[in-house]
There are 2 protein chains.
Amino acid sequence: MGITKTQIFTERQNDLAQFFKVLGHPARVAILQYISNQNACICNDLVEEIGLAQATISQHLKELKSIGLLNGEIEGKSMNYCINVERWTAIQNELNLFFNTTKSNCC
Amino acid sequence: MGITKTQIFTERQNDLAQFFKVLGHPARVAILQYISNQNACICNDLVEEIGLAQATISQHLKELKSIGLLNGEIEGKSMNYCINVERWTAIQNELNLFFNTTKSNCC
DNA sequence: ACTTATTATCGTAATATTGCAATATATAAA
DNA sequence: TTTATATATTGCAATATTACGATAATAAGT
């Protein structure tokens, strides 16, 4: 037990859950907000800004990258992470589709 | 370690993350979709429909209730869970606000 | 080549989540 | 009141996540 039974759900259900899950941590929400405000970022800034260890920030960035939300560009000896706006919008649309088609009133 | 450092984030960041997190499991996505299609549901249906044990379904329903997404009405000896459309829409709006204000292009 | 600065990865401890059997609770029907 | 049915709760095992120190990898400047 303890393992999510991915195989009993549809691919779409798993995908939707995955998007939600990646966004479901306050550090990742904060990272996205910060990057958006700065219009760029280097990971080192984030460590100071967010207040988590560098290794932890790096791990969160990796998860955001895993669903394509962030693009990382090497800029000299630092990394420039930025939001992949196309992907961002695509995921927003997916989630809205879910919200709009899963809304029924019975009682 | 291992504990999320809630106190270093804003209330809004924690709330947003909590909404995302609750939706971040395929069983809960599937439950919402099923309830929406049926316009009602009793938990027993869900056990057969989703394919998880009754105790597990009950736990997932509890989490969905925890952010106000589901209303449960006792109907005879069974429960009638339905989507709280007002809350549903409110959360959708919150998430869209986040998506719309956290979208910047730099590279 | 050496040093410095930045980010990634590894290993590990603490905590959280998932899932289920067993049990408790509650209501309806007999 | 007993029995059957439906849902909730408890306890526990397996797995996942979070966080961080230590260390590796990479690139720039000296």
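Remember, predicted model here, so these are calculated numbers, not experimental data. In what follows, chains are A, B, ... by sequence order, proteins preceding strands, each numbered from 1.
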At what distance, to the nearest 0.5 angstrom, does OH of B/Tyr81 lie from CG of B/Leu64? 9.5 Å
Looking for any heavy atom pair under 4.0 Å, which part of the strands does A/Glu63 touch: base, sugar-phosphate only, or nothing? sugar-phosphate
Check nucleotides 6-9 of chain C for protein N or O atoms closer than 3.5 Å to its own N or O atoms and list the pairs.
unit_1	atom_1	unit_2	atom_2	d
C/dT7	OP1	A/Cys43	N	2.9
C/dT7	OP1	A/Met79	N	3.3
C/dT7	OP2	A/Asn44	N	2.6
C/dA8	OP1	A/Tyr81	OH	2.4
C/dA8	OP2	A/Ser58	OG	3.0
C/dA8	N7	A/Gln54	NE2	2.9
C/dA8	N6	A/Gln54	OE1	2.9

Spacing of B/Ile3 atom CD1 relative to C/dT17 atom P, expressed in whole Å: 10 Å
Residues in residues 21-33 of chain B with a heavy atom under 4.0 Å of DNA chain D, by number, are none
In whole angstroms, how far is the P atom of D/dC20 from the CG atom of A/Leu46? 14 Å
Show every donor-acceptor pair shorter than 3.5 Å between a side-chain atom in residues 43-57 of chain B and any protein atom, with sequence neighbours excluded, or say none if there are none.
none

Answer yes or no: is there a donor N or O on one side and an acceptor on the other, between the side chain of B/Thr89 and the main chain of B/Val85, under 3.5 Å? yes
Just how far is it from atom CG of A/Asn14 to atom NZ of A/Lys5, taken to the nearest 0.5 Å? 13.5 Å
Base, sugar-phosphate alone, or nothing: which one does A/Ile74 contact when heavy atoms must sit under 4.0 Å apart? nothing
Once you round it to whole Å, what is the distance between P of C/dG19 and CD1 of B/Ile50? 11 Å
For the CD1 atom of B/Ile91 and the CD atom of B/Glu86, what is their distance to the nearest 0.5 Å? 12.0 Å
With distance as the sole test, does A/Arg28 use its side chain to make a donor-acceptor pair with the main-chain N or O of A/Val22 at under 3.5 Å? yes
NZ of A/Lys5 versus C1' of D/dA14: gap in Å, rounded? 13 Å
For A/Glu75 and C/dA5, give me the distance from atom CD to atom C1', rounded to whole Å. 15 Å
Side chains of A/His25 and A/Glu63: does their closest heavy-atom pair fall under 4.5 Å? no
Would one find a side-chain N or O of B/His60 under 4.0 angstrom from OP1 or OP2 of C/dG19? yes
How long is the straight-line distance from CG of B/Leu95 back to CZ of B/Phe98, given to the nearest 0.5 Å? 8.5 Å
